Student: 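Got a structure here, written out as structure tokens. Questions coming.
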2 protein chains.
Amino acid sequence: MQRKSFDEMPCPIARSLERVGEWWSILILRDAFRGLTRFEEFQKNLGIAPNMLTRRLSSLVEAGMLERRRYNDRPPRYEYVLTERGRDFRSVLGTLMAFGNRHFAPEGASIMIVDAVTGEPAEPVLVDRRSGRPLVEPDFVLAPGPAANAATVEQLANRKADMAPPARTKDSDA
Amino acid sequence: MQRKSFDEMPCPIARSLERVGEWWSILILRDAFRGLTRFEEFQKNLGIAPNMLTRRLSSLVEAGMLERRRYNDRPPRYEYVLTERGRDFRSVLGTLMAFGNRHFAPEGASIMIVDAVTGEPAEPVLVDRRSGRPLVEPDFVLAPGPAANAATVEQLANRKADMAPPARTKDSDA
DNA sequence: GTGAGTCAGTAGCATGATGAAACTTACTAT
DNA sequence: ATAGTAAGTTTCATCATGCTACTGACTCAC
């Protein structure tokens, strides 16, 4: 069975995962952010099999996250560099890193984001750019966007308090 | 071949992906944030095969992201609710949603985060909680944490400008 | 008290994704 | 001419994914 595609789903999370959700893809992007560009560099650093690396790099190029470019003509040699879209993935990696450090690093953080000048560790939080307010539960909610379909609208209407713990009501009225 | 484990890697991103990086897992969490709790709800909404759903729910429970709890005794019925750790995954979903909306929603956003009062769409950015400054390239950099191993330290030392485009130097001195 | 429906799964099997190891191509360096 | 490097491709085993059908334990309508 082919892996089911998320691409038809109207959800931006599903669409993103369709491009970067495969095994290895995100780690390749992580390494690209750390400055790796060459096939061999990725291969050594990740311990990935070369055939897998070929497939993942190709799909990331196809998704517009990486650009494959020849840096040497004879012999032909290629490197993979982040595109603008790829660089925009930074915030996702940032939150994922922070999440991992909070929950899966019992020995303490092994890598973190720090102030470039002071060296002070940063504490990444997601906020609204304009107001600067953190995007947390009661202040901000999920809502259908301009391109939402009926199903999305209905699903969101069914429970506005999208991040709420178990304030279940359906049991009674179903 | 068994899927290679990321768990031994000292990287918080790799560790997180080990728990939530499988196909479907993140979409299940997304639905949990939208208020779904029951097996059947997930199954219908995602269009996932029931055996896959069973496996993914179990692994998310094992990872401490969801809690399986009995809400009915006769017959035994279970629901899956986000744990504290699971709720902490919110920021990752938020950035992923924003990223997907920016790059893979040509028809426009179908779902977004809005101000609960005004309905104004939020623009999610990642900032340092204390200073409020956005976590972007020249101001903030990656650095080894207290639990970093030698390899991590060296890799980061090799290129401090972690997000920099192709300012390659290794060609010349290698 | 029989049949239909609901909920939360299991079981069986086809197919495709993942992975290890070996091999290839096209050069450069000694 | 031999070894080494960089960027892959090929082959093949095995594991994960996915579809369909089925089960178990009940509840509710008639």
Side-chain angles (χ1 to χ4, degrees), chain A residues 1-9 14 17-28 31-32 36-61 66-81 168 170-174, chain B residues 1-6 8 17-18 20-28 31-32 36-61 66-81 168 170-174:
Chain A
M1 294 287 107
Q2 196 179 117
R3 176 175 280 181
K4 193 164 178 185
S5 168
F6 297 160
D7 220 22
E8 306 311 309
M9 303 180 182
L17 289 175
E18 182 67 28
R19 272 80 173 190
V20 303
E22 289 176 289
W23 217 231
W24 293 110
S25 293
I26 291 182
L27 291 186
I28 291 171
D31 277 6
L36 306 197
T37 60
R38 316 238 279 230
F39 192 91
E40 202 213 21
E41 290 177 327
F42 290 113
Q43 216 231 299
K44 277 211 180 96
N45 194 56
L46 292 168
I48 185 179
N51 55 348
M52 292 310 305
L53 183 54
T54 299
R55 291 174 211 170
R56 286 303 102 87
L57 285 172
S58 307
S59 72
L60 288 171
V61 166
L66 294 177
E67 185 197 344
R68 180 183 200 247
R69 69 175 174 220
R70 175 178 287 216
Y71 70 89
N72 197 16
D73 270 333
R74 324 191 40 74
R77 286 294 134 82
Y78 301 93
E79 60 179 1
Y80 298 85
V81 294
R168 299 199 42 76
K170 274 207 257 166
D171 287 351
S172 28
D173 54 46
Chain B
M1 294 289 108
Q2 196 179 115
R3 178 173 276 180
K4 193 162 178 185
S5 167
F6 297 160
E8 305 311 309
L17 289 174
E18 181 67 28
V20 304
E22 288 177 292
W23 217 232
W24 294 112
S25 293
I26 291 182
L27 291 186
I28 292 171
D31 278 6
L36 306 197
T37 60
R38 316 238 278 230
F39 192 93
E40 201 212 22
E41 290 176 328
F42 290 113
Q43 217 230 298
K44 278 211 179 94
N45 193 56
L46 291 169
I48 185 179
N51 53 351
M52 291 310 305
L53 182 54
T54 299
R55 290 175 213 170
R56 286 301 102 89
L57 286 172
S58 306
S59 71
L60 288 171
V61 167
L66 295 177
E67 186 197 343
R68 181 183 198 247
R69 68 175 173 219
R70 176 177 287 215
Y71 70 91
N72 196 17
D73 270 336
R74 321 189 43 72
R77 286 295 133 83
Y78 302 93
E79 61 179 1
Y80 297 86
V81 295
R168 302 198 43 75
K170 275 210 258 164
D171 288 351
S172 26
D173 54 47

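A quick note: this is a predicted structure, and the numbers were derived from the prediction, not measured. Chain identifiers are assigned alphabetically (A, B, ...) following the order of the sequence lines, protein sequences preceding nucleic acid strands; residue numbering begins at 1 within each chain.
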Student: Please report the distance, rounded to the nearest Å, between CZ in F42(B) and P in dC7(C).
Tutor: 14 Å
Student: Measure the acute angle between the ring planes of Y80(B) and F42(B), then classify it against the limits of 30° and 60° as parallel, tilted or perpendicular.
Tutor: perpendicular
Student: Below 4.0 angstrom from OP1 or OP2 of dA8(C), is there any side-chain N or O of T54(B)?
Tutor: no
Student: With a 4.0 Å cut-off on heavy atoms, is R70(B) in touch with a base, just the backbone sugar-phosphate, or nothing at all?
Tutor: nothing
Student: Tell whether R3(B) reaches the base of dC15(D) with its side chain through a donor-acceptor pair below 3.5 angstrom.
Tutor: no
Student: Look at the side chain of A49(A) and decide which nucleotide, out of dA21(D), dC7(C), dG19(C), has an atom nearest to it.
Tutor: dG19(C)
Student: With a non-hydrogen cut-off below 4.0 angstrom, is Y80(A) in contact with a base, only sugar-phosphate, or nothing?
Tutor: sugar-phosphate
Student: Where the side chain of R38(A) is concerned, which of dG8(D), dA7(D), dG9(C) is the nearest nucleotide?
Tutor: dA7(D)
Student: In whole Å, I'd like the distance from the CG atom of N72(A) to the C1' atom of dA6(D).
Tutor: 10 Å
Student: Write down the distance between CG (L53(B)) and C1' (dA8(C)), rounded to a whole number of angstrom.
Tutor: 10 Å
Student: Minimum heavy-atom separation for G47(A) to K4(B), with atom names?
Tutor: O-NZ, 2.6 Å
Student: So does R56(B) get a side-chain nitrogen or oxygen closer than 4.0 Å to the phosphate oxygens (OP1/OP2) of dT17(D)?
Tutor: yes
Student: Could you give the CE-to-P distance, from M52(B) to dT20(D), as a whole number of Å?
Tutor: 15 Å
Student: If I take atom CD1 in residue I48(B) and atom P in nucleotide dT20(D), what distance separates them, rounded to the nearest angstrom?
Tutor: 15 Å
Student: Can a side chain N or O of Y71(B) be found less than 4.0 Å away from OP1 or OP2 on dA8(C)?
Tutor: yes
Student: So that I can tick it off, tell me whether R69(A) and E67(A) are bridged by a salt bridge, with the cut-off set at under 4.0 angstrom between side-chain N and carboxylate O.
Tutor: yes
Student: Any chance you could measure T54(B), atom OG1, to F39(B), atom CZ, to the nearest 0.5 Å?
Tutor: 3.5 Å
Student: If you measure from the Lys or Arg side-chain nitrogens to the Asp or Glu carboxylate oxygens, is any gap between E22(A) and R55(A) under 4.0 Å?
Tutor: no
Student: Rounded off to whole Å, could you give me the CD1-to-C1' distance for the I28(B) and dA8(C) pair?
Tutor: 14 Å
Student: In whole angstroms, how far is the C1' atom of dA16(D) from the CD atom of E22(A)?
Tutor: 13 Å
Student: Can you tell which of dT17(D), dA26(C), dG8(D) lies closest to the side chain of P75(A)?
Tutor: dA26(C)
Student: Nearest heavy-atom pair of V20(A) and S25(A): which atoms, and what distance?
Tutor: O-CB, 3.5 Å
Student: Calculate the interatomic distance between K4(A) atom NZ and dG16(C) atom C1'; express it in whole Å.
Tutor: 16 Å
Student: Taking for each residue the nucleotide of DNA chain C bearing the nearest heavy atom, is the 5' side occupied by N51(A) or by N51(B)?
Tutor: N51(B)
Student: Taking any heavy-atom pair under 4.0 Å as a contact, classify F39(B): base, sugar-phosphate, or nothing.
Tutor: base
Student: Is it the case that the base of dA8(C) and the side chain of R77(B) share a donor-acceptor contact (distance under 3.5 Å, atom types as modelled)?
Tutor: no
Student: Ignoring backbone atoms, test whether W23(A) places a side-chain nitrogen or oxygen under 4.0 Å from the OP1 or OP2 oxygen of dA16(D).
Tutor: no
